[in-house]
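Keep in mind that this is a model prediction, so the values were computed, not measured. To find a chain, count down the sequence lines: A is the first, B the second, and so on, and within it residues start at 1.
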Protein chains: 2
Amino acid sequence: MGRRSDHTRQELEHLFLVEGHKHMAEVGFARFSAREVAKRIGYSIGTLYNVFGTLDQLLIAINTRTFQLWAEEVRAALESSGPDRIRCLVEAYFGFARANRHSWTAIYDHHLPPDVVLSDEQNQRRGGLTQIIVDEVVAVLPSRAQADAPRLARSLIAVVHGHCVYDLNGSFALMGIEQPMELALERVRESLNHAGASVDGLK
Amino acid sequence: MGRRSDHTRQELEHLFLVEGHKHMAEVGFARFSAREVAKRIGYSIGTLYNVFGTLDQLLIAINTRTFQLWAEEVRAALESSGPDRIRCLVEAYFGFARANRHSWTAIYDHHLPPDVVLSDEQNQRRGGLTQIIVDEVVAVLPSRAQADAPRLARSLIAVVHGHCVYDLNGSFALMGIEQPMELALERVRESLNHAGASVDGLK
DNA sequence: CACTTTATTGATCGACGTTCATTTCGAACT
DNA sequence: AGTTCGAAATGAACGTCGATCAATAAAGTG
């Protein structure tokens, strides 16, 4: 067969991407199959490789999409947030990971070969979530501490991430640790307070 | 062929385990191959399955071994530690992950199917590292705070873990964050101080 | 109409995890 | 010593995977 012209190249790429993301959400990284993705939208495996070139590139695109959905969810949560926006952030972070286990985990399961690098475009799309958090941290810190805000924000992301990993993989449950999200929030508050933060929501 | 009697079943299991661990350290989780492990020690793939039953069980054993080596290294570091044992802990944690990227990452890359559970023995072996950290946190907290020490210790492990992940996967470097280990240590100190800790090494 | 260009295919390859009928050989027993 | 027995070890076989690429079919072009 030849040009089918049902879809432009862009549309086709989007089809693969959306269906790939759905497949990832359903079966997870370990059971993900490029063949299955192609089959699902009625194209052959060859076409998928023509569009993405590499399995890695498809996985990168899928994970970037997860980042974008994640950022949207966090943004939406912040818009309907009460005064304690830091709690809102942590809850939205955890909430997305818990509600989208497979997609969220796939972000960290996929390790790029040393010779493959994320394109600037992918990095920019993924950076949106981080920027949201940096902005909130900046908003909460006193002016004297704002120079270190980006660095602190990234550190707090790591703090929450670590708690999130142990929550999802069952380590906390195994050790009898309850309410891991509250635990993460305690750490975040301590660090923000130590940096001089003062917010309505902070006790 | 039949009983070769070169090795007892225990020795054979240990051979597979050690060689599997070595293979994992060399190629990482994504490129790990059970066939390759068997070939390396001169046994067939069938024998490996006779011994471990499942690829998951082999991976569990390999990762448990990583936990044990990790704990040993941390223990050794603590024995030759100066007064700042908390810093020593964080440095040893990071140090092992950095020096054993593939083995360390494999711990978190391997997701058990929902129907498979870690045996009590495996959990006990893996828990050694956590216990070391809990002990050090207990030693540093005032008596009034010791009830919460185990919970806080697990939380601090998550804090360091999160920083370690972002260090190894390049996220910190990408964002221009330098000295991620020091960053993690700052967070740990803040939380310990907030809990009333007082140590020689603490500034 | 013929010709070029482009999109799409799926057979093909090597490698993987997994299974299991078959084989091999030490050991126990005449 | 031969015979039997059973545990240990094998590797061919199966289905699936990522990846490749010559072949093919349709659209555009003149």
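Interatomic distance, CZ of B:Arg9 versus CG of B:Asn50, reported as 8.0 Å (0.5 Å rounding). With rounding to the nearest 0.5 Å, the separation of CZ in B:Phe67 from CZ in B:Phe96 is 9.5 Å.
Between B:Tyr49 atom OH and C:dC16 atom P there is a gap of 11 Å when expressed in whole angstrom units. For B:Leu59 and C:dC16, the CG to P distance is 14 Å, given to the nearest whole Å. What separates CG of A:Asp56 from C1' of D:dC17 is a distance of 14 Å, to the nearest Å. D:dC17 atom C1' lies 15 Å from atom CZ of B:Arg31, rounded to whole Å. In this structure, B:Leu58 places its CG atom 10 Å from P of C:dG17, rounding to the nearest Å. Following rounding to the nearest Å, B:Leu48 (CG) and D:dA8 (P) show an atom-to-atom distance of 15 Å. Separating the NZ atom of A:Lys39 from the P atom of C:dT9 is a distance of 14 Å, rounded to the nearest angstrom. Here C:dT19 presents its C1' atom at 14 Å from CG of B:Leu55, a figure rounded to the nearest Å.
Shown for residues 11-19 of chain A: no residue has heavy atoms falling under 4.0 angstrom of DNA chain D.
Here A:Ser33 does not reach the OP1 or OP2 of D:dT16: none of its side-chain N or O atoms lies under 4.0 Å away. At least one side-chain nitrogen or oxygen of B:Tyr43 sits closer than 4.0 Å to the OP1 or OP2 atom of D:dA9. Between A:Thr47 and C:dA7, a side-chain N or O to OP1/OP2 separation shorter than 4.0 Å is absent.
Contact annotation: side chain of B:Asn50 to base of D:dA9, donor-acceptor pair present below 3.5 Å.
Sorted by first then second residue, the side chain to side chain donor-acceptor pair (under 3.5 Å) pairs that include residues 94-106 of chain A, not counting sequence neighbours, are A:Arg98-A:Asp167. Annotation: side chain to side chain donor-acceptor pair (under 3.5 Å) contacts involving residues 175-186 of chain B, sequence neighbours excluded, comprise B:Arg87-B:Glu182. For residues 51-60 of chain A, the side chain to side chain donor-acceptor pair (under 3.5 Å) pairs, not counting sequence neighbours, are A:Asp56-A:His110.
Note: A:Phe29 and B:His111 fail the aromatic proximity criterion, with ring centroids not under 6.0 Å apart.
If A:Gly53 and B:Arg9 are placed on DNA chain D by their nearest nucleotide, the residue sitting closer to the 5' end is B:Arg9.
Neither side chain, A:Gln124 nor A:Asp120, offers a donor N or O lying under 3.5 Å from an acceptor on the other.
Shown here are the ring-ring contact (aromatic ring centres under 6.0 Å, His included) partners of B:Phe52, two or more places apart in sequence or in another chain: there are none.
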Using nucleotides 11-13 of chain C, report all nitrogen or oxygen pairs with the protein that are shorter than 3.5 Å.
unit_1 : atom_1 : unit_2  : atom_2 : d
C:dT12 : O4     : A:Arg35 : NH2    : 3.4

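At the heavy-atom level, B:Phe52 lies nowhere under 4.0 Å from the strands shown. Using a 4.0 Å heavy-atom distance criterion, B:Ser44 is classed as a base contact.
Ring pair B:His163/B:Phe172 is tilted by interplanar angle, where 30° to 60° counts as tilted.
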Do A:Arg187 and A:Glu190 pass the salt bridge (Lys or Arg N to Asp or Glu O under 4.0 Å) test, and can you show the C-alpha distance, the side-chain angles, and the key distance before you say yes or no?
-> CA-CA 5 Å; A:Arg187 300 289 85 74; A:Glu190 285 165 4; 2.9 Å; yes
